[in-house]
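Report on the following structure.
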Amino acid sequence: MAAVVYALLLAGCGGDGTASQAYQQACHGEPLPDQQAIYQAEADGYRINSRYRCIDRQSWQEVQAAMARLEHARRPEVQARAEAAADAEHAQRLARIAERAEAREQAQAAVAPQVLQPVDANRGSREQLAAVCGVDHDGAEAIVLARQQGGPFTDWADLVHRVVPFSAAQSAVAASRCGLTVNGHSLAGAAPAESVLR
């Protein structure tokens, strides 16, 4: 009995394991001969079947497919198509940017430019003065009140001195640029552009 078991063990160990169906399904090629070969296979992108010390069949197929794709991509006609597609995409992107810029320009052109009506501080009504963009309702009220209490303004210096909302230089400049005048004159250096005056 012991002799039969021993013979079976010898037969199991002595046969070529690479011929088995399990090996054929799990591995590609022969078992790797040493650790250096295993390291090289792993460096090449393969997975190693630890049971059989071989290149895993599925990983071999994956690496072969990747190499085929890479080889295909390196073909001159494929590279030319890829470059043409990239150029077309770049041109489309530039066209979209140009379209957006043109749409912005058209939208800005569609907005009617603000037209200013010069209003004199000595003659304008509350409503006319309040309509001046740099004056508003409070400034108009202050101008009319100062006019009633102290008479017409002699010049811009007189208006700035008597009307508190315009005592700051910035406020006076803004009102003058928007069309406020004193005796028909804008503040020196702060006249509105001719293109916006009626």
Side-chain angles (χ1 to χ4, degrees), residues 42-45 62-63 65-198:
E42 288 176 333
D44 291 340
E62 291 169 356
V63 169
M67 289 172 63
R69 287 193 299 271
L70 182 60
E71 188 64 30
H72 177 74
R74 288 179 175 163
R75 292 169 57 186
E77 63 272 18
V78 174
Q79 289 183 340
R81 284 197 301 269
E83 289 173 7
D87 289 345
E89 183 180 351
H90 182 65
Q92 289 175 352
R93 192 178 311 116
L94 290 177
R96 287 193 296 271
I97 291 171
E99 286 173 6
R100 287 196 295 270
E102 184 177 351
R104 279 195 303 272
E105 289 175 6
Q106 289 176 352
Q108 290 172 351
V111 176
Q114 184 179 18
V115 178
L116 303 178
Q117 175 69 50
V119 178
D120 193 89
N122 286 322
R123 292 184 288 281
S125 66
R126 280 185 178 84
E127 293 75 21
Q128 290 171 325
L129 291 166
V132 176
C133 61
V135 176
D136 72 39
H137 179 73
D138 292 338
E141 190 63 37
I143 289 172
V144 170
L145 185 60
R147 221 168 49 191
Q148 290 171 347
Q149 292 176 348
F153 302 105
T154 56
D155 54 25
W156 269 93
D158 185 29
L159 182 137
V160 168
H161 177 71
R162 290 166 51 192
V163 182
V164 175
F166 300 101
S167 58
Q170 186 176 2
S171 300
V173 168
S176 179
R177 288 194 187 282
C178 286
L180 185 66
T181 63
V182 178
N183 294 325
H185 299 287
S186 299
L187 181 65
E194 291 295 325
S195 60
V196 298
L197 289 174
R198 274 189 229 173

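Keep in mind that the numbers below use all heavy atoms, side chains included, and drop hydrogens, waters and symmetry copies.
Taking every heavy atom of both residues into account, W156 and L180 meet most closely at CZ2-O, 3.3 Å. Between A190 and S176, the closest heavy-atom pair is O-OG, 2.8 Å. Looking at every heavy atom in both residues, F166 comes nearest to A175 through CE2-CB, 3.6 Å. Nearest heavy-atom pair, A142 versus V163, reported as atom, atom and distance to 0.1 Å: CB-CG1, 3.7 Å. The minimum heavy-atom distance between G45 and V63, with the atom names listed, is O-CG2, 3.5 Å. When all heavy atoms are compared, the tightest approach of P192 to R177 is CB-O, 3.0 Å.
Listed by chain and number, the residues in a side chain to side chain donor-acceptor pair (under 3.5 Å) with R81 amount to none (sequence neighbours excluded). Remark: E77 engages R75 in a side chain to side chain donor-acceptor pair (under 3.5 Å) (not counting sequence neighbours). Taking the side chain to side chain donor-acceptor pair (under 3.5 Å) definition, one finds that D138 meets it with nothing, sequence neighbours left out.
Between the side chain of N183 and the backbone N or O of T154 there is at least one donor-acceptor pair closer than 3.5 Å.
Sparse packing is recorded around CD of E71, with 12 or fewer heavy atoms of other residues, nucleotides or ligands lying under 6.0 Å away.
Taken to the nearest 0.5 Å, the CD atom of E62 stands 14.0 Å off from the CE atom of M67. Once rounded to the nearest 0.5 Å, the distance linking CZ of R74 with CD of Q79 reads 9.0 Å. For the atom pair CZ of F153 and CD1 of I143, the computed distance is 6.0 Å after rounding to the nearest 0.5 Å.
Taking 4.5 Å as the limit, some side-chain heavy atom of L129 sits within range of a side-chain heavy atom of V144. By the 4.5 Å heavy-atom criterion applied to side chains, H185 and D155 are not counted as neighbours.
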